[in-house]
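Given the structure is predicted, the values throughout are model-derived calculations rather than measurements. One is the number of the first residue; the rest follow in order along the sequence.
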Amino acid sequence: MSSNSTERDHGGGGEHSDSGKEKRPRFFDHMIKKLCWARAEVVPGRHPDRWRKDAAGNIVCKRFCNCQGCLCFEYDHIIPYSKGGESVLENCQILQTRVNRFKADKDHLDKTQLRGYSCDINFTDKELDIIEMAVYGDVIRPGNHCRCRSIEELIGKNKSKDQTAACKLP
């Protein structure tokens, strides 16, 4: 899923009014999301525009925003919006969707507490390569880039004009 998909609890756009009080944005805007992703921990050996670690240390994929699954994530208010947290960069973090749902409106949770809500799946490098190939059509790792072969190329009907080596995945 794309980060442009229907926005949920921690998505983008919109304002909220508390019975006449000054309006404040309920959701993180596009720029805050971009900066929030950029400041999340990089996954060693993985392309930083595609993979990051959430605040609990879980690996998440950028294409899997606002979906359910162990590689999916949402943009979270560190201090919940319902408790006065603002939709600003300093209050934004990425969290695996499952972790974010269990966190709900709790605040002041440390990494260990967040980790306790995480999926119990640890993906191998090969599994992440296969997922990246399926999602992006290629695998980009520091110092190594490969692409997915087309069906025509696989059956020998067509030769690719792309000079990048085809990936050799299991």
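- Atom CD of residue Glu74 and atom CZ of residue Arg101 lie 4.0 Å apart, to the nearest 0.5 angstrom.
- Partners of Thr124 by side-chain hydrogen bond (donor to acceptor under 3.5 Å, both in side chains), not counting sequence neighbours, listed by chain and number: Glu127.
- With values rounded to the nearest 0.5 angstrom, Arg115 atom CZ is found 7.5 Å from Gln96 atom CD.
- Rounding to the nearest 0.5 angstrom, the gap separating the CG atom in Leu35 from the CD atom in Glu90 is 9.5 Å.
- With contacts defined as side-chain heavy-atom distances shorter than 4.5 Å, the pair Arg141/Trp51 does not qualify.
- No side-chain heavy atom of Arg98 sits less than 4.5 Å from a side-chain heavy atom of Asn58.
- Between the side chain of Asn91 and the backbone N or O of Glu86 there is at least one donor-acceptor pair closer than 3.5 Å.
- By the 4.5 Å heavy-atom criterion applied to side chains, Phe64 and Val135 are counted as neighbours.
- Taking CZ of Arg26 as the reference point, atom OG of Ser87 lies at 7.0 Å (rounded to 0.5 Å).
- Val43 and Ile131 fall within a single hydrophobic cluster, where Ile, Leu, Val, Met, Phe, Trp and Tyr are joined by side-chain heavy atoms under 4.5 Å apart, directly or via other members.
- Residue pairs satisfying the disulfide (SG to SG under 2.5 Å) criterion with at least one member in residues 86-116, sequence neighbours excluded, are absent.
- Atom NZ of Lys83 and atom NE2 of His108 lie 8.5 Å apart (nearest 0.5 Å).
- Two residues are said to be in side-chain contact when any heavy atoms from C-beta on lie closer than 4.5 Å; Ile59 and Leu71 meet this criterion.
- Within the 4.5 Å cutoff, the side chain of Phe73 has no heavy atoms near those of the Asp54 side chain.
- To the nearest 0.5 Å, the span separating CG on Asp49 from CH2 on Trp37 amounts to 8.5 Å.
- Under a 4.5 Å side-chain heavy-atom cut-off, the cluster of Ile, Leu, Val, Met, Phe, Trp and Tyr residues that includes Val99 is completed by Leu95, Phe102, Leu109, Leu114, Tyr117.
- Residues Ile78 and Val88 fall into different hydrophobic clusters, defined by Ile, Leu, Val, Met, Phe, Trp and Tyr side chains chained together at heavy-atom separations under 4.5 Å.
- For Cys70, the disulfide bond (SG atoms under 2.5 Å apart) partners are Cys119, not counting sequence neighbours.
- Contact annotation: the side chain of Arg52 approaches that of Val42 to within less than 4.5 Å [non-hydrogen atoms, C-beta and beyond].
- With sequence neighbours excluded, the residues satisfying disulfide bond (SG atoms under 2.5 Å apart) with Cys72 are Cys67.
- Remark: Arg46 engages Asp129, Glu132 in a side-chain hydrogen bond (donor to acceptor under 3.5 Å, both in side chains) (not counting sequence neighbours).
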